[in-house]
Protein chains: 2
Amino acid sequence: MKCELISVGTELLVGDTLNTNVQYLSRELSQLGIRVHFHTTVGDNPKRLEDAVKIAFERSDLIITTGGLGPTQDDLTKEVIAGIYNKKLIQDEKTKEDLLQYFVNREFTMTPNNLKQAFIPETAEVLYNPCGTAPGILLREQGRIIIMLPGPPKEMTRLYEEAVLPILRKDQNQLVLSRYYNLSDIGESAAEDRLLDLIDNQTNPTIATYAKMGEVLIRITANGDNEAKMNALLDHYEKIMLERFKDNIFSFSKKSLQETVCQLLIDKNISIATAESCTGGLIASQLTEYPGISKVFGTGLVTYSNDAKINLLKMNRETLETYGAVSEETAREMCVNLSEISKSRLNVSVTGIAGPDGGNDEKPVGLVFIGICYDGKNEIFKYQFNGERKTVQQKTANKVFHLIRKSIVDKV
Amino acid sequence: MKCELISVGTELLVGDTLNTNVQYLSRELSQLGIRVHFHTTVGDNPKRLEDAVKIAFERSDLIITTGGLGPTQDDLTKEVIAGIYNKKLIQDEKTKEDLLQYFVNREFTMTPNNLKQAFIPETAEVLYNPCGTAPGILLREQGRIIIMLPGPPKEMTRLYEEAVLPILRKDQNQLVLSRYYNLSDIGESAAEDRLLDLIDNQTNPTIATYAKMGEVLIRITANGDNEAKMNALLDHYEKIMLERFKDNIFSFSKKSLQETVCQLLIDKNISIATAESCTGGLIASQLTEYPGISKVFGTGLVTYSNDAKINLLKMNRETLETYGAVSEETAREMCVNLSEISKSRLNVSVTGIAGPDGGNDEKPVGLVFIGICYDGKNEIFKYQFNGERKTVQQKTANKVFHLIRKSIVDKV
């Protein structure tokens, strides 16, 4: 099956928006064995959009558009496509009701242009949108499939996973099985280096690595028509993965490190508290992103200034003056005092220099001390991170979650 | 001048690489007043690349390709384009010498396939590459310009800046001026609704709206050859913008709401403290993302549990028991107590139900109370937000930054 992706939106053509949608869809479609032959991006211009769709129709079996389904006058993807194939736009009652409900829930007044989103080309299938106002649309025409998805990545990816993927899977006959390995505390090139012998000779299964800050995701994908054989093949590779990355694998589920650690804390009922200086609340906020964390997390302190460290954390002024706010001693005292205040089993302290200012030769930007006090046992870790302020903060948070996990897992 | 960008590389079509090149070039070209009408991505396939170039040639004055200029057999951009226009490939002596030197400098042995990079279509201009082995190529053909650039972003951007930009500047006579308006506390469709009369008739200037969570960016762009006239035109529209969005515009610089508010706090030297329940440190972490915020921000509390509210914020247990943790009364007491603890001028408290659990008919998920205590004056705001847990937290943080700004600006 040959596929073309058409991205619609002038914001892409003037460079205001980075087109992450095509990367996501290209990866997903490749997984299904669908060959993406072209990406085309076109602005909010009916004539050029029409030309792009017509060209794609000649050379592809599957066309997926993203963008141009919203309520504004600029949004004309479905109008243009309906026009090409002489389809009337008909109001979809369920979409209309969803829209009305959406605005009632938000106590917003619905402007009339929003109702435009409820109109669907006749004969098309509506792909209901669980997290936005514009539904997706699937049109079958002369043996081709045209799928229109909204542009905002969050809506697009969710709609793809929930509505499009099952349809494409049914259309494809080949089985595809993937396993995922989430690694922390290792970079992508180091991970790939340990896999070179496998990657060099890969045909089936295929091995791919993906990096995001502080994490590497390895995906191993088998193709075939015999599920048992494919699983045996994947089992063989799983053994290798567990050998080579035993200190790094924290999840097999595409869950993030943060999500994995939060669930671990909840499952093991380990109460946790935080005292943050240079990360300024980032660790607490990553904890509280996770639903149900209130079971184990109650107290977080952002003691950004020395005064706050003294007043809230009851720190000794002398420690700060003698060793400095960024020091092993400060990290230790923050952590020990926090455990007294919070009565939590696991206490985390962070102090460091996120930059861009505040560093010197002895204590450069990126220097971070992390304290972990778990069931009365204290450990202080020292790191030198690289990058801009936000990167240093994010890397510190990732390291903290890695250390929390190690502390818990190693103790058991 | 109408332009089309063609990205060449199978890695883009399988989603291994995010296409940042087109965003960079689109932005740069828009700045020059060159209208980018299409992006096309095609794999390392000669037939499909040829088709893509031929289509682009019909509809564009300027074609810029990226990728496919390297030494491997996959790299065939210039071979295909030379083929279309019947150009022989001729060895360029300077490129050959540069190549030899490049390998001598790195003490690498040059493999023979590298010499392929020194062959240039006859009549074309060589754009010498200061940071890689593949030079760029400029070909003028039947009134069109075809520019071929290497794919690695570092090489591409440098070659664009040093070699391409001066050529395009000379070719263009038209000026382009843009102004930006950043809005908070309004949705994109509501913003557009207030601009419909202008958008409907737009030719020059053009008006575009872009949404990201909690913010809307409006761009007004004028074209012409007389800078003074263009500025007068933009001034006229600016007056309209300021009238219609006086409560919403927080910046003219594309800076985010958070950055704008942090800079405002620093500039006015207004100390700030936070006490967060449902946002769990998100507001503190957004404050501390901003360099230099330590001048005004010292104390943040994440009082996620009732115990933490009582121990850290010295809250009355009775308030929590009588009115509940999510109530106007709790938000007020959190805020008042925080101002005593922090001694800051501006104090923010947040309590709410981020979900997915914890809501009921009386207090549904998404209910949030925000307290602002500024120079002793207390105000409590009540909101009902929609969306998933993370969305509710993010919307709450956006609203807090909006309220901080309003409190400061309205007081002055």
Side-chain angles (χ1 to χ4, degrees), chain A residues 10-16 18-20 22-27 30 36-43 48 52 55 71-73 105-108 111 113-114 279-282 284-285 287-289 291-292 294 297-305 307-308 311-312 341 355-357 389-390 393, chain B residues 12-15 18-20 22-28 30 36-43 48 52 55 187-190 192-193 199-200 208 210 279-282 284-285 287-289 291-292 294 297-305 307-308 311-312 341 355-357 384 386 389-390 393:
Chain A
T10 303
E11 71 278 12
L12 296 161
L13 294 181
V14 296
D16 278 345
L18 181 62
N19 195 341
T20 56
V22 290
Q23 184 183 29
Y24 171 85
L25 287 173
S26 297
R27 197 179 275 175
S30 298
V36 179
H37 277 184
F38 294 96
H39 300 163
T40 300
T41 303
V42 59
R48 291 195 283 274
I55 290 171
T72 72
Q73 300 226 324
N105 288 346
R106 281 161 182 74
E107 294 181 4
F108 282 170
T111 50
N113 56 359
N114 272 290
T279 44
L282 183 61
S285 92
L287 284 168
T288 47
E289 257 179 36
S294 60
F297 178 68
T299 300
L301 297 174
V302 183
T303 53
Y304 208 59
S305 63
D307 279 350
N311 295 336
L312 290 174
I341 293 167
D357 302 319
R389 181 177 178 83
K390 205 172 158 174
Q393 293 174 325
Chain B
L12 296 162
L13 293 182
V14 296
L18 181 63
N19 196 342
T20 56
V22 289
Q23 185 184 28
Y24 171 84
L25 287 173
S26 298
R27 198 178 275 171
E28 289 292 320
S30 297
V36 179
H37 278 183
F38 295 95
H39 299 161
T40 300
T41 302
V42 59
R48 289 195 284 273
I55 290 170
E188 189 187 14
S189 56
E192 213 192 270
D193 229 44
I199 290 176
D200 275 352
Y210 307 97
T279 45
L282 183 62
S285 91
L287 283 167
T288 48
E289 256 179 37
S294 60
F297 177 67
T299 299
L301 297 174
V302 182
T303 52
Y304 208 59
S305 63
D307 279 351
N311 295 336
L312 291 173
I341 294 167
D357 301 319
Q384 181 61 48
N386 236 315
R389 182 177 177 84
K390 207 173 156 173
Q393 292 174 325

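Proteins get letters first, then strands, A, B, ... in listed order; numbering begins at 1 in each.
- Counting heavy-atom pairs closer than 4.5 Å to chain A, the top-ranked of the candidates B:P356, B:G298, B:A284, B:S305 is B:G298.
- The contact between A:L18 and chain B is made by backbone and side chain atoms together, counting heavy-atom distances below 4.5 Å.
- Taking the ring pair (Phe, Tyr, Trp, His ring centres under 6.0 Å) definition, one finds that B:F297 meets it with A:Y304, sequence neighbours left out.
- Side-chain atoms of A:R389 never come within 3.5 Å of backbone atoms of A:D357 as a donor-acceptor pair (strictly under, hydrogens ignored).
- Neither the backbone nor the side chain of A:L287 comes within less than 4.5 Å of any heavy atom in chain B.
- In this structure, the separation between CG on A:D16 and CD on B:Q23 is 8.0 Å, given to the nearest 0.5 Å.
- Contact of A:Q393 with chain B is made through the side chain alone, with heavy-atom distances under 4.5 Å.
- Taking the side chain as every heavy atom from C-beta outward, A:T111 and A:P71 never approach each other to under 4.5 Å.
- Scanning for side chain to side chain donor-acceptor pair (under 3.5 Å) contacts around A:T72 gives A:D75, B:E192, with sequence neighbours left out.
- The parts of A:P291 that come within reach of chain B are both its backbone and its side chain, each placing non-hydrogen atoms under 4.5 angstrom from that chain.
- Looking at A:S30, the atoms closer than 4.5 Å to chain B (heavy atoms on both sides) all sit in the side chain, from C-beta outward.
- Residue with the most contacts toward chain A among B:K390, B:Q384, B:E188, B:R48: B:R48 (heavy-atom pairs, distance under 4.5 Å).
- Most heavy-atom pairs under 4.5 Å with chain A: of the set B:V14, B:L282, B:T299, this distinction falls to B:V14.
- Heavy atoms closer than 4.5 Å to chain B are found nowhere in A:T10, neither backbone nor side chain.
- Your options are A:G281, A:A52, A:G43, and the one with the most heavy-atom pairs under 4.5 Å with chain B is A:G281.
- Of the listed residues (A:N113, A:V36, A:T303), the greatest number of heavy-atom pairs within a distance under 4.5 Å of chain B belongs to A:V36.
- Residue A:H39 is tested with B:N19, B:V22, B:L13, B:V42 for a side chain to side chain contact (heavy atoms under 4.5 Å, CB included); the sole match is B:L13.
- Of all the listed residues (B:D307, B:N311, B:L312), the one sharing the greatest number of non-hydrogen pairs under 4.5 Å with chain A is B:L312.
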